[in-house]
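Here is the structure we will look at.
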Number of protein chains: 2
Amino acid sequence: MTTRQNVLHDLIQQISQGTYAKGTLLPGENELADRYGTSRNTIRKVLSDLVQRGLIQKINGKGSMVIEQQQFVFPLSNIVSYKEIVAEQHLDNETQLVSLTEKKLPVAVFNELDADLQSVDVHAMVSVHLVNAKPVIIDHEYVFTSVVPTLSQHVAEDSVYEYFEDELGLKIAYARKEISAEYASAEDQQLLGLTPQQMVVVVKSVTYLEDTTPFECTESRHRADMFKFRDFARRL
Amino acid sequence: MTTRQNVLHDLIQQISQGTYAKGTLLPGENELADRYGTSRNTIRKVLSDLVQRGLIQKINGKGSMVIEQQQFVFPLSNIVSYKEIVAEQHLDNETQLVSLTEKKLPVAVFNELDADLQSVDVHAMVSVHLVNAKPVIIDHEYVFTSVVPTLSQHVAEDSVYEYFEDELGLKIAYARKEISAEYASAEDQQLLGLTPQQMVVVVKSVTYLEDTTPFECTESRHRADMFKFRDFARRL
DNA sequence: CAGTGGTCTAGACCACCAC
DNA sequence: TGGTGGTCTAGACCACTGG
């Protein structure tokens, strides 16, 4: 059966491949409905999805214009610095797990993001991201044990999100983030090789599941000269 | 006639007023459809709008839970620092127009945000935001003269966006933003009272109209200790 | 004028959740 | 089991754009 997800993925692929190039118009909604054998409403839902992703812009009376071909890599944390800069500039990169322990969530740190957070048991991971053998990010990650009972060192060293979504079937829905700048802490100075006068960019986040349960908090501290964040926002 | 916008504004208001409090469920979709005398599809469109805004989260089989009561003030530039911090902490604030001239757009500055930008004529505004008489932000704003022919000093000192939307009828659709950190430039040092060793947080943006025309670029440079950015992101 | 997107309806069937 | 949201349809009318 041709369903919404199929049409969506197909259009995304065609846009990223340039079949529908940036600056051109997609086929009309009726045309698409015919092609995919669905109703126009279904097509409209798909297009509204593409609008949300920042790939197209609808223009009344004209059509749907492609305004961006790239898919954002990180839906929840569009930090360009690490993955993208590394990929774009062909740099070596590595992640080192510093520690993995059980703690209470340091609630105060995330107060401004979610005042309702309770002090709960968490897996506390600290890791360092290296680019060209130079440490650029310190990651503090707190995963709620009530949602993720066990977190092995092996998993922590790999992609944690794949484990959450694919293995555990967690459905991640949304996140709140905050970006600010601070002078380097003692730990920053030690792990990133900074002086007390230098600054780090701090990204805090709280991530929630579909049932609105928070399940993970992160605090990542970036070398200021290696930080870049991109965003796409629509007028509401 | 009861239309989508009416229902939307009504629900937003009821949420912000606490009629539907954070952590509670909205009435069901059928219930809402009955109450407002619309079809369920219309209600669903409205709810999906609230989801986008980060006000509710839909939970299958249960209902639509309110997860946030506040409306974000700045749909396009959620910089908490200036307006919100000022409001929250009851600080004095003031904006000073430094200069208003006609130039060519410094394309290179915005290259990474939009590679297709052309060098065009712009109104170049420089302004400084003061909090408690202390300068905290330098704003460089470039407004395309092709879209906004005239920009008086009087308007520039007031709210520029109101002028664009209400007076000129411009329909602002979306924006691309980038946040990074740099050492203070000569101008930063002078206007913000910084030393060359101190850093500023730089926010660049390009704003587009509904017909995908870019019409404004901004570069705002923030004292690092007064910068804070909040974001709400959904899993795509 | 014909084509495009914007809005809306009335009804259908499904998966999920709670009792 | 009954209520909730998720998906989809077929058709209607409107406002806007372009030639």
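Numbers restart at 1 for each chain; the letters A, B, ... are given by sequence-line order, proteins then strands. Just the heavy atoms: all of them, side chains too, but no hydrogens, waters or symmetry mates, feed the values below.
In this structure, A/Ser64 reaches the C/dG5 phosphate: one of its side-chain N or O atoms is under 4.0 Å from OP1 or OP2. Under 4.0 angstrom from either OP1 or OP2 of D/dA10 there lies no side-chain N or O belonging to A/Arg40. Contact annotation: A/Lys62 does not reach the phosphate of C/dG5 (side-chain N/O to OP1 or OP2, under 4.0 Å). Between B/Lys58 and D/dG6 there is a side-chain N or O to OP1 or OP2 distance below 4.0 Å. Put simply, A/Ser39 has no side-chain N or O that comes within less than 4.0 Å of OP1 or OP2 on D/dG11. Distances shown here put a side-chain N or O of B/Thr42 below 4.0 Å from the OP1 or OP2 atom of C/dT9.
With contacts defined as side-chain heavy-atom distances shorter than 4.5 Å, the pair A/Val147/A/Leu168 does not qualify.
Using a 4.0 Å heavy-atom criterion, one finds that B/Ile59 contacts the sugar-phosphate atoms exclusively. A/Arg4 comes within 4.0 angstrom of sugar-phosphate atoms only, judged by non-hydrogen atoms across all strands, and of no base.
Taking atom CD of B/Gln5 as the reference point, atom P of C/dG6 lies 13 Å away to the nearest angstrom. In this structure, B/Arg44 atom CZ and C/dA12 atom C1' are separated by 14 Å, rounded to whole Å. As rounded to whole Å, 12 Å separates atom C1' of C/dA18 from atom CG of B/Leu25. Rounding to whole angstrom units, CD of residue B/Glu29 and C1' of C/dG11 are separated by 15 Å. Taking atom OH on B/Tyr36 and atom C1' on C/dC8, their separation rounds to 17 Å, with Å as the unit. Distance CG (B/Asn30) to P (C/dA12): 13 Å, rounded to an integer number of Å. The nearest whole Å value for the distance from the CD atom in A/Glu31 to the C1' atom in C/dT4 is 12 Å. One can place CG of B/Asn41 at 12 Å from P of D/dT9, the figure rounded to the nearest angstrom.
Ring geometry, B/Phe232 versus A/Tyr174: the interplanar angle falls from 30° to 60°, so the pair is classed tilted.
Under the 3.5 Å distance criterion, the side-chain polar atoms of B/Thr145 are matched with a main-chain donor or acceptor of B/Asp121. Side-chain atoms of B/Gln57 come within 3.5 Å of backbone atoms of A/Glu210 as a donor-acceptor pair (strictly under, hydrogens ignored).
A donor-acceptor pair shorter than 3.5 Å cannot be found between the side chains of A/Ser39 and A/Asn41.
Listed nucleotides D/dC16, C/dC8, C/dC16 differ in distance to A/Asn60; the shortest reach to its side chain belongs to D/dC16.
Take the nearest nucleotide of DNA chain D for A/Gly61 and for A/Gly37: the residue whose nucleotide is more 5' is A/Gly37.
Base pairing annotation: C/dC19 forms no Watson-Crick or G-U wobble pair, as no partner gives both donor-acceptor distances under 3.5 Å.
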